[in-house]
2 protein chains.
Amino acid sequence: MRIGELAERAGVSTRTLRYYESRGLLPAADRGANGHRVYGDDALRLVAQIRTLQDFGFELEDTRPFVECLRAGHPAGDSCPDARAVYRRKIAELDGLMAELRSARDHLTAQLARAEALPPPCGAGGSDTDVPLCGG
Amino acid sequence: MRIGELAERAGVSTRTLRYYESRGLLPAADRGANGHRVYGDDALRLVAQIRTLQDFGFELEDTRPFVECLRAGHPAGDSCPDARAVYRRKIAELDGLMAELRSARDHLTAQLARAEALPPPCGAGGSDTDVPLCGG
DNA sequence: GCTTGTCCTGACGTCGGCGTCAACGTCTAA
DNA sequence: TTAGACGTTGACGCCGACGTCAGGACAAGC
């Protein structure tokens, strides 16, 4: 399988595949006599693993243990301790991030409520204001 | 007040202040004869407003209605309808983002539990593994 | 006159994950 | 034989919010 076919089957661009290779994530199994990259069917699983994790918000570097686990012949990317450690770290990161977002959200909600409770200012920006201009 | 003093009092860099100006957020009140920027005391409030919102995850552009509201002489940055609309939009964005993160977190947690339930693979990455190598 | 301190503008660097283009080689079907 | 579809490498562009450097101007104090 050449890069174009792998790209199409995996639903990514050839540029993406070359980028993965440049990061050492997905080296081509071989090169043809013409220098073209040649991939085995397993490459499809590797790309799918990367994409799945990226969808969960993983950076490329965080997918490495999973990919290497698969390449080592293990049945799943998360069969290896390194990969599971990334799972745990990511879950912790998400928890921390969500806590921050919750805090920000609560703060903003309170600010909005406070602002809305105040009398509307006169001619204060926004074309959809229904308060008459003051003074004059 | 010149840029250095404003920067120090506001707790930002001079580069940041010049950047804000380049974005049209914080034009200097005036220029001295030597071309130096001159700010009034109100600039300090504008910068504080920007930083506060940035801490909540606002992009610079999203702080514009608040800053303009202040510059228009209103008592608070969120006195104006435009600014409050941004509040609402941001809250909605946060809600959406948190929902995504929750979903990802739940998914990862389930994946981790599933992976942990499986028998540990043999010599599968990770130096801290306590399972003996298989085969041999 | 020299140093020190503050200011100016302009421009490139950073980070991640590619998109996009250039300029070229290679393979295949008509 | 030639067009066109595929492949190659290299390099710049993008986004956001600045950091950092280059090169220069101006004022005060010694």
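Order of the sequence lines sets the chain letters (A, B, ...), proteins ahead of strands, with each chain counted from 1.
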request  = Would you check if the distance from the ring center of Phe66(A) to the ring center of Tyr87(A) is below 6.0 Å?
outcome  = yes
Interatomic distance, Tyr39(A) OH vs dT8(D) C1' [rounded to whole Å] = 12 Å
message = If the cut-off is 4.0 Å, is Tyr20(A) near the phosphate of dC18(C), judged by side-chain N/O to OP1 or OP2?
response = yes
ask   = With a 4.0 Å cut-off, would you call Glu8(B) and Arg2(B) a salt bridge?
value = no
message = Expressed as a whole number of angstroms, how long is the span from Glu21(B):CD to dC8(C):P?
response = 8 Å
inquiry  = Test of understanding: clusters of I, L, V, M, F, W, Y form through side-chain heavy atoms closer than 4.5 Å, transitively. Do Leu97(A) and Ile91(B) belong to the same one?
reply    = yes
ask   = Asn34(A) side chain N/O closer than 4.0 Å to the phosphate oxygens (OP1, OP2) of dC27(C)?
value = yes
query = Which nucleotide, dA17(D), dT8(D), dG17(C), lies nearest any side-chain atom of Leu60(A)?
reply = dG17(C)
remark   = DNA chain C nearest-nucleotide lookup for Thr14(A) and Ala33(A): closer to the 5′ end is Thr14(A)
ask   = Does dT9(C) have OP1 or OP2 sitting under 4.0 Å from an N or O in the side chain of Arg37(B)?
value = yes
query = Just to confirm, is there a sub-4.0 Å distance from OP1 or OP2 of dA17(D) to any side-chain nitrogen or oxygen of Arg18(B)?
reply = no
message = Does dG19(C) have its OP1 or OP2 closer than 4.0 Å to a side-chain nitrogen or oxygen of Ser13(A)?
response = yes
message = Can you work out whether Ile3(A) or Tyr19(B) has the more 5'-proximal nearest nucleotide on DNA chain D?
response = Ile3(A)
inquiry  = What contact category does Glu61(B) fall into here, base, sugar-phosphate, or nothing, at under 4.0 angstrom with non-hydrogen atoms?
reply    = nothing
task = Could you state the atom-to-atom distance from CD of Glu5(B) to C1' of dG5(C) in whole Å?
result = 15 Å
task = In whole angstrom, give the distance that lies between atom CD of Glu59(A) and atom P of dC18(C).
result = 12 Å
query = Hey, does the side chain of Thr16(A) come within less than 4.0 Å of dG17(C)'s phosphate (OP1/OP2), counting only N and O?
reply = no
inquiry  = Does dG16(D) have its OP1 or OP2 closer than 4.0 Å to a side-chain nitrogen or oxygen of Gln54(B)?
reply    = no
inquiry  = Could you tell me how far apart Asp55(A) (CG) and dG17(C) (P) are, to the nearest whole angstrom?
reply    = 13 Å
Side-chain ion pair, Arg89(B) and Asp62(B), N-O less than 4.0 Å = yes
message = At less than 4.0 Å, is any side-chain N or O atom of Arg15(A) found next to OP1 or OP2 of dA11(D)? Yes or no.
response = no
Spacing of Leu25(B) atom CG relative to dA17(D) atom P, expressed in whole Å = 10 Å
ask   = Does any N or O in the side chain of Arg84(B) come within less than 3.5 Å of the main-chain N or O of Ala115(A), such that one atom is a donor and the other an acceptor?
value = yes
ask   = Do Arg23(B) and Glu61(B) meet the salt-bridge criterion of a basic N to acidic O distance under 4.0 Å?
value = no
message = I'd like to know if Arg2(A) reaches the base of dG7(D) with its side chain such that a donor and an acceptor end up less than 3.5 angstrom apart.
response = no
Atom pair distance, as rounded to whole Å: CZ in Arg31(A) and P in dG25(C) = 17 Å
request  = Return no unless some side-chain N or O of Arg51(B) is found under 4.0 Å from OP1 or OP2 of dC18(D).
outcome  = yes
request  = Starting at atom CD of Glu8(B), determine the distance to atom P of dC7(C), rounded to an integer number of angstrom.
outcome  = 10 Å
